[in-house]
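Written out below as structure tokens is the structure these notes cover.
FYI, side chains are in, hydrogens and waters are out, and symmetry mates aren't considered; it's all heavy atoms of this structure. Just so you know, these numbers come straight off a predicted model, no measurement behind them.
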Amino acid sequence: MTKILNFFKSLSFTQTLIFGYSMLILVSAFLLMLPISSRASAFTPLNDCVFTTTSALSGTGLTLYDTYTHWSLFGQLVILIVIQVGGIGFMSMAIFALSFTSKKIGLKQRATMRESVSALKGTGIVKMTRFILKGTIIVELAGTGLLSVFFIPKCGILRGVYFALFHSISAFCTAGIDLMGYFEPNSSLMTATSSCIFNLTIMVLLTIGGIGYLTWDDVVENKWHFKKYRLQSKLVIIISVLFYIIGVLEMVLVEWNGALGHVDGTANKLLISSLFVTSGRSAGFTPIDVSTLKPATVLMIIFFMFIGGAPGSTACGIKVTTFAVMILTISSVFKKKKSIECFGRRIDDATVRNASCVTTMYILVVTITAILISAIDDMEITPVVFEIVSAISSIGLSTGITTQLSDFSCALITIVMFFGRIGGLSFIVSLSGTQSGSKSSLPEEKIMVG
């Protein structure tokens, strides 16, 4: 017992998060493997269960089985719990539970919580935790109420409320896992394209879940006074709106008579375009068949998925702030400025290095994994890259190749999903040792770049 306690004490903040998420994946995978979790009352292969629970925890939404037709109610509830824990973080729940006991929340717990929600500082972390959980409950219950209007007339009261709750949690946590197989297996949201209230509710839940807790705090605290927002919140909101406009415009120009050709009416086409673009940045819900998209749209969605959501949100990807820092860095080079500035604030050099590191790491992981899977399974590179970016950014959109992957490729995708959930920078920190204490500097020498 002493050795076990010493082991946990020796873990760093990020290593604690990785260990906690790993245990949750394995325990929930074991539960899904049991016959009680499947409708056929049969064992499900453990590797498939690990893939499913990793996808649920990371909020990816890639699945090997249709969630409604394969999993029993017990299995669906296991998946739903994993989605919820993955969305708001198990450290949020732990800190919230500890705040009601006499136990003192130590610096390590606060620091781990700060890493878990990407907070800027460790002070007020308990207050932030309560704010996150309170906001989550309010938003998810509101989403359940609105979605019940769609589901109850179609499924009855009990099943309708359950379906509404499941999809509300899945949307808010940007998981993209659905039970629409009740209407048609593997249909995602394609069977609900005519419902305005359903699609708008999903869009709002995805947006709230994807902008991050710090942006919530700014909106609640400062209301419409945009100038008072933190720099991070300003960048998140501006880039999110910009991506939405670009995405919808591209869908209108390129897919109006293509993937959107089966949708009746201009208003419905705009609604479906809006939902697809919103989902393409944070979740795997799709109102249209991804395999019917034109190459230009596929490339745009890959780009959106790669960027992802905001830090401290339920979404993954390199994050919109990382993208903003990279763009601002390019702008500063063009303008020959010594520092990177935005909205009257200067961004520190450490943030720039971290942004460069995260972007490069994600590109390397995607490239190496795509080469391996394409070579092993003899697949075209474009759908493979789409699948990997969807996995690492926890989006869950797929061109339909998920079930065609070999066991080795599925294992690679599982690792990529876990990497995306933890985050590139956190993963590197967890593997690295302590910072070097050397204060000396080596001689400087310039090299040519570009």
**Fill in**
Closest heavy-atom pair, Thr67 versus Thr63, reported as atoms and distance to 0.1 Å, is OG1-CG2, 4.2 Å
**Message:** Quick check against the 3.5 Å criterion: does Ser148 have a side-chain atom that pairs as donor or acceptor with the backbone of Ala164?
**Reply:** no
**Asked** Hey, are Glu255 and Thr297 close enough side-chain-wise for a donor-acceptor pair under 3.5 Å?
**Response** yes
**Message:** I'd like to know if the side chain of Thr53 and the backbone of Val50 have a donor-acceptor N/O pair within less than 3.5 Å.
**Reply:** yes
**Asked** Are the side chain of Ser332 and the backbone of Thr329 linked by a donor-acceptor contact shorter than 3.5 Å?
**Response** yes
**Asked** Mind checking whether Phe243 and Val277 have side chains closer than 4.5 Å, heavy atoms only?
**Response** no
**Asked** What's the shortest heavy-atom distance between Leu62 and Ala391, and which atoms?
**Response** CD1-CB, 3.9 Å
**Request:** Look up atom OG1 in Thr144 and atom CG in Leu205, then write down how far apart they are to the nearest 0.5 Å.
**Result:** 8.0 Å
**Request:** Verify side chain to side chain donor-acceptor pair (under 3.5 Å) between Thr402 and Glu387, making sure each step is shown before the conclusion.
**Result:** CA-CA 8 Å; Thr402 307; Glu387 196 87 0; 2.2 Å; yes
**Asked** Taking all non-hydrogen atoms of both residues, which atom of Thr69 and which atom of Pro185 are closest, and how far apart?
**Response** CG2-CG, 4.1 Å
**From CZ (Phe51) to CD1 (Ile415), nearest 0.5 Å** = 12.0 Å
**Message:** I'd like to know if the side chain of Ser168 and the backbone of Glu140 have a donor-acceptor N/O pair within less than 3.5 Å.
**Reply:** yes
**Request:** Please list, chain by chain and in numerical order, all residues satisfying side-chain contact (heavy atoms from CB on, under 4.5 Å) with Lys154, sequence neighbours excluded.
**Result:** Phe150, Phe183
**Item:** Ring-face cation of Arg39 near Tyr68 (centre distance under 6.0 Å, axis angle within 45°)
**Value:** yes
**Side chains of Ser398 and Val290 in contact at under 4.5 Å (non-hydrogen atoms)** = no
**Request:** State, yes or no, whether a side-chain contact exists between Thr266 and Trp256 at a heavy-atom distance under 4.5 Å.
**Result:** yes
**Complete:** Rounding to 0.5 Å, atoms CG (Leu412) and CE (Met417) come to a distance of 11.0 Å
**Message:** When you compare the side chain of Lys319 with that of Thr322, does any pair of heavy atoms fall below 4.5 Å?
**Reply:** yes
**Under 3.5 Å donor-acceptor, Thr292 side chain and Asp289 backbone** = yes
**Asked** Does the Thr359 side chain pair with the main chain of Ser356, one donor and one acceptor, at a distance under 3.5 Å?
**Response** no
**Message:** Measuring centre to centre across the rings, with the benzene-like ring taken for any Trp, is Trp216 within less than 6.0 Å of Phe172?
**Reply:** yes
**Prompt:** Looking at side-chain heavy atoms only, is the closest gap between Leu179 and Tyr162 below 4.5 Å?
**Reply:** yes
**Within-4.5 Å side-chain heavy-atom neighbours: Thr44 and His70** = yes
**Item:** Any donor-acceptor pair under 3.5 Å from Ser273 side chain to Val248 backbone
**Value:** no
**Prompt:** In Å, rounded to the nearest 0.5 Å, how long is the span from CG of Asn47 to OG1 of Thr414?
**Reply:** 8.0 Å
**Spacing of Ser233 atom OG and Phe343 atom CZ [to the nearest 0.5 Å]** = 11.0 Å
**Prompt:** What's the spacing between Ile237 CD1 and Ile239 CD1 if we round to 0.5 Å?
**Reply:** 11.0 Å
**Prompt:** For Met203, does its backbone N or O pair with a side-chain atom of Thr207 as donor and acceptor, under 3.5 Å?
**Reply:** yes
**Request:** Would you name the heavy atoms of Ser37 and Phe74 that are closest together and state the gap between them?
**Result:** OG-CD2, 3.3 Å
**Prompt:** Any Lys/Arg nitrogen of Arg345 or Glu341 sitting under 4.0 Å from an Asp/Glu carboxylate oxygen of the other?
**Reply:** no
**salt_bridge(Lys269, Asp264) N-O dist < 4.0 Å** = no
**Request:** Verify whether the ring centers belonging to Phe323 and Phe303 lie closer than 6.0 Å.
**Result:** yes
**Request:** Please report the shortest heavy-atom distance between Leu271 and Ser195, naming the atom on each side.
**Result:** CD2-O, 4.3 Å
**Message:** Testing Ile208, Ile202, Leu206 one by one against Val204 for a side-chain contact (heavy atoms from CB on, under 4.5 Å), which residue passes?
**Reply:** Ile208
**Prompt:** Are the ring centres of Phe226 and Tyr229 closer than 6.0 Å?
**Reply:** yes
**Prompt:** Below 4.5 Å, heavy atoms only, C-beta onward: do Ile288 and Met251 meet side chain to side chain?
**Reply:** yes
**Request:** Evaluate the side-chain proximity of Leu231 to Cys342: yes if any heavy-atom separation is below 4.5 Å, no if none is.
**Result:** yes
**Prompt:** Are the side chain of Ser374 and the backbone of Met379 linked by a donor-acceptor contact shorter than 3.5 Å?
**Reply:** yes
**Request:** Hey, can you tell me if Phe151 and His167 have their rings parallel, tilted or perpendicular (30° and 60° cut-offs)?
**Result:** parallel
**Prompt:** For the rings on Phe163 and Tyr182, is their centre-to-centre separation under 6.0 Å?
**Reply:** yes
**Request:** State, without any angle test, whether Tyr244 and Thr278 hold a side-chain donor-acceptor pair at a distance under 3.5 Å.
**Result:** no
**Asked** How close do Asp178 and Ser188 get, heavy atom to heavy atom, and via which atoms?
**Response** OD2-CA, 3.5 Å
**Contacts of type side-chain hydrogen bond (donor to acceptor under 3.5 Å, both in side chains), residue Asp377, not counting sequence neighbours** = Ser406, Ser409
**Asked** Is a side-chain N or O of Ser170 found less than 3.5 angstrom from the main chain of Phe166, in a donor-acceptor match?
**Response** no
**Item:** side-chain contact (heavy atoms from CB on, under 4.5 Å) between Leu80 and Gln76, worked out
**Value:** CA-CA 6 Å; Leu80 186 62; Gln76 292 168 19; over 6 Å; no
**Message:** I'd like to know whether Gln84 forms a side-chain contact (heavy atoms from CB on, under 4.5 Å) with Thr136, so could you lay out the CA-CA distance, the side-chain angles of the two residues, the decisive distance to 0.1 Å, and finally the verdict.
**Reply:** CA-CA 10 Å; Gln84 184 70 90; Thr136 298; 3.9 Å; yes
**Neighbour count >12 (heavy atoms, 6.0 Å) for atom CG, Leu200** = yes
